[in-house]
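Given the structure is predicted, the values throughout are model-derived calculations rather than measurements.
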Amino acid sequence: RHNVYLDIIFIIILLAISMLISSIDMKITYKLFGFVVLLSILWGISLLLERLSLPLPPVICTSLGLIIATGIGTYISGKRQRKYRQFITSAFSQYMSPELLKELKENPEKLRLGGERKEITLIFTDIAGFTSTSEALNPEVLVENLNLYLEGMVEIILRYDGVIDKFIGDAIMATFNAPNDCPDHSSRAVMCALELDQFAKKFRENCRQKDVEWGLTRIGVHSNPAIVGNIGGAERFEYTSIGDTVNITARLEGINKLFGTSICVSATTANKCSSLNFMPIGELILKGKTEPIQVLTPKKEETELSKLYIEAYNFLREGNNHRARDMFKNILELDENDVLSKFHLNRLVSGESGVLIRALEK
């Protein structure tokens with residue numbers, strides 16, 4: 001005797017599995033494979049029942065039902081994915097390059113709520129004395145110049161495949177190697193910092209020509225593992241980085257004030273940039289830290305003066321203070337604006353020695 005209820009249960013199960021597979025966010029080839037498997041099961045069971053001379057379920061109608069269920073599930077999944085891609089476009093189009101945005105839209109799972117530990121390189125930039133500048137300038141002039149400044153800085157960061165993490169007033173936090181992978185993220189970040197520094201100095205000079213006082217831009221660069229991901233709730237979140245790596249980068253930016261430099265880079269970053277030139281600054285014990293971090297500043301090219309400075313620095317590191325002091329004096333006679341030679345010479349004159357520096361200011 002043919003049991004209709006068993007046919008109904010069998011059909012419902014197949015349709016439910018079909019809807020489930022087609023509505024899950026996965027590649028269309030996987031969905032097609034699942035659909036073919038379900039059809040094969042349906043027709044395989046039907047052929048088996050026919051050979052056993054047992055009653056058959058409505059194969060044709062069930063097959064049509066599977067097609068319709070798969071279509072509906074695929075439509076729902078596609079609509080959800082399109083909505084998510086639109087969200088990605090609106091949320092990130094101004095903060096990452098078109099190439100990175102395309103990759104992110106193709107792999108939206110990178111933006112699931114949650115985080116992962118990943119090695120990244122961070123850039124922090126800030127304008128010195130911006131509070132005083134904002135109080136002195138007409139609001140319209142301030143906003144106009146700030147927009148031009150940020151637009152230029154962002155364009156450079158995106159060109160080097162960095163991602164704008166956030167704006168904090170006039171400050172910028174940019175991430176390299178997250179959410180998308182970038183194997184040479186340290187080198188890209190340092191080259192980006194050099195171009196940002198060049199742009200900021202030119203922008204400042206242009207402001208001066210318009211009788212607008214604009215502060216120096218200071219930049220910090222640091223590489224290390226950090227927690228990166230979507231922080232917040234299901235309705236409102238932001239993709240950001242958290243952890244000690246963020247704090248150190250921010251302090252490296254601020255510590256430029258102590259040396260008179262515009263870019264400070266940690267050794268963990270510099271060591272990954274074999275093709276770039278760096279000038280050692282010292283081994284800093286940052287505020288709140290007990291272990292020193294070696295800090296350097298990048299140079300576009302090696303010069304005779306930079307070679308002399310490195311030689312003098314090595315004497316300082318080895319404890320040969322007399323020879324180091326003479327060399328720093330000689331460098332300043334050749335270039336009175338060499339801020340690092342001036343910094344270390346002042347330290348030696350005040351009775352300090354070596355390259356270990358307690359940076360309590362930041």
Side-chain angles (χ1 to χ4, degrees), residues 94-97 120-134 142-143 145-178 182 185-207 212-224 226 228 238-242 245-266 268-270 273 276 278 281 284 286 295-300 339 359 361-362:
Q94 298 182 50
Y95 304 111
M96 64 171 57
S97 66
I120 59 172
T121 300
L122 289 178
I123 285 182
F124 262 83
T125 76
D126 197 16
I127 302 173
F130 187 76
T131 301
S132 300
T133 300
S134 61
L142 175 68
V143 171
N145 282 281
L146 182 59
N147 285 340
L148 288 172
Y149 169 83
L150 292 175
E151 183 180 333
M153 297 285 277
V154 167
E155 187 276 325
I156 294 169
I157 292 169
L158 299 188
R159 186 148 37 82
Y160 282 93
D161 286 341
V163 175
I164 305 299
D165 186 300
K166 59 176 64 70
F167 297 104
I168 310 168
D170 60 295
I172 303 172
M173 175 178 169
T175 308
F176 294 77
N177 202 39
C182 179
H185 55 93
S186 296
S187 296
R188 282 181 179 270
V190 173
M191 291 188 292
C192 178
L194 284 166
E195 192 166 337
L196 289 173
D197 180 51
Q198 185 178 7
F199 167 81
K201 287 174 178 175
K202 186 176 180 181
F203 186 87
R204 185 170 186 245
E205 185 58 35
N206 291 338
C207 285
V212 174
E213 284 300 319
W214 199 261
L216 292 164
T217 294
R218 298 180 179 131
I219 303 170
V221 187
H222 180 49
S223 304
N224 235 355
V228 294
E238 64 172 343
Y239 190 90
T240 189
S241 308
I242 58 175
T245 302
V246 181
N247 300 329
I248 290 175
T249 311
R251 288 172 179 171
L252 286 175
E253 173 271 310
I255 211 68
N256 280 288
K257 181 179 179 181
L258 181 64
F259 310 125
T261 52
S262 53
I263 306 174
C264 276
V265 178
S266 68
T268 55
T269 299
C273 308
L276 301 177
F278 293 90
I281 296 176
L284 273 67
L286 297 171
V295 180
L296 308 93
T297 190
K299 289 285 184 182
K300 280 197 169 182
V339 293
E361 288 80 0
K362 268 288 181 181

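- Under the rule for a side-chain contact (heavy atoms from CB on, under 4.5 Å), the partners of Asn224 that lie at least two apart in sequence or sit in another chain are His222, Thr245.
- At most 12 non-hydrogen atoms from other residues, nucleotides or ligands lie less than 6.0 angstrom from NZ of Lys202.
- The CG atom of Asn256 sits 13.5 Å away from the CZ atom of Phe124 when rounded to the nearest 0.5 Å.
- Under the 4.5 Å side-chain criterion, counting only non-hydrogen atoms from C-beta, Trp214 is not in contact with Asn206.
- Note: Ile156 CD1 to Gln198 CD = 8.0 Å, rounded to the nearest 0.5 Å.
- For Thr249, there are no side chain to side chain donor-acceptor pair (under 3.5 Å) partners two or more places apart in sequence or in a different chain.
- For the pair Val190 and Cys273, the tightest heavy-atom approach, listed with the atom from each and the gap, is CG2-SG, 4.0 Å.
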Is there a side chain to side chain donor-acceptor pair (under 3.5 Å) between Thr121 and Ser186? Walk through the geometry before answering.
CA-CA 6 Å; Thr121 300; Ser186 296; 3.3 Å; yes
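- Residues Arg218 and Ala128 approach most closely at NH1-CB, 3.4 Å, considering heavy atoms.
- Using a 4.5 Å cut-off on side-chain heavy atoms (C-beta onward), Thr217 and Phe199 make no contact.
- Note that the CG atom of Asn177 and the CG atom of Leu122 stand 10.5 Å from one another [nearest 0.5 Å].
- Partners of Glu155 according to the side-chain contact (heavy atoms from CB on, under 4.5 Å) rule, which considers only residues two or more places apart in sequence or in another chain, are Arg159.
- Atom CG of residue Leu286 and atom CG of residue Asn247 lie 10.5 Å apart, to the nearest 0.5 angstrom.
- Remark: Asp170 engages no residue in a salt bridge (charged side-chain N to carboxylate O under 4.0 Å, His left out) (not counting sequence neighbours).
- Side chains of Ile123 and Ile172 form no contact here, defined as non-hydrogen atoms less than 4.5 Å apart.
- Side-chain contact between Leu142 and Phe130 is present, with heavy atoms from C-beta onward closer than 4.5 Å.
- Side-chain contact, Thr261 with Thr297: no donor N or O sits under 3.5 Å from an acceptor N or O.
- Going from atom CD of Glu195 over to atom CE of Met153 covers 10.5 Å, rounded to the nearest 0.5 Å.
- By the side-chain contact (heavy atoms from CB on, under 4.5 Å) test, Arg188 is found to be paired with Asp161, Phe176, Cys182, Asp184, residues two or more places apart in sequence or in another chain being considered.
- Contact of the Met173 side chain with the Ser241 side chain is registered, since non-hydrogen atoms from C-beta on lie closer than 4.5 Å.
- Atom OG1 of Thr133 and atom CG of Leu146 lie 10.5 Å apart (nearest 0.5 Å).
- Of all heavy-atom pairs spanning Ser223 and Thr268, the tightest one is O-OG1, 2.8 Å.
- Counting all heavy atoms, side chain and backbone alike, Phe203 lies closest to Asn145 at CZ-O, 3.2 Å.
- With sequence neighbours left out, Ser262 forms a side-chain contact (heavy atoms from CB on, under 4.5 Å) with Asp197, Lys201.
- Residues Ile219 and Leu196 have side chains in contact (heavy-atom distance under 4.5 Å, counting atoms from C-beta outward).
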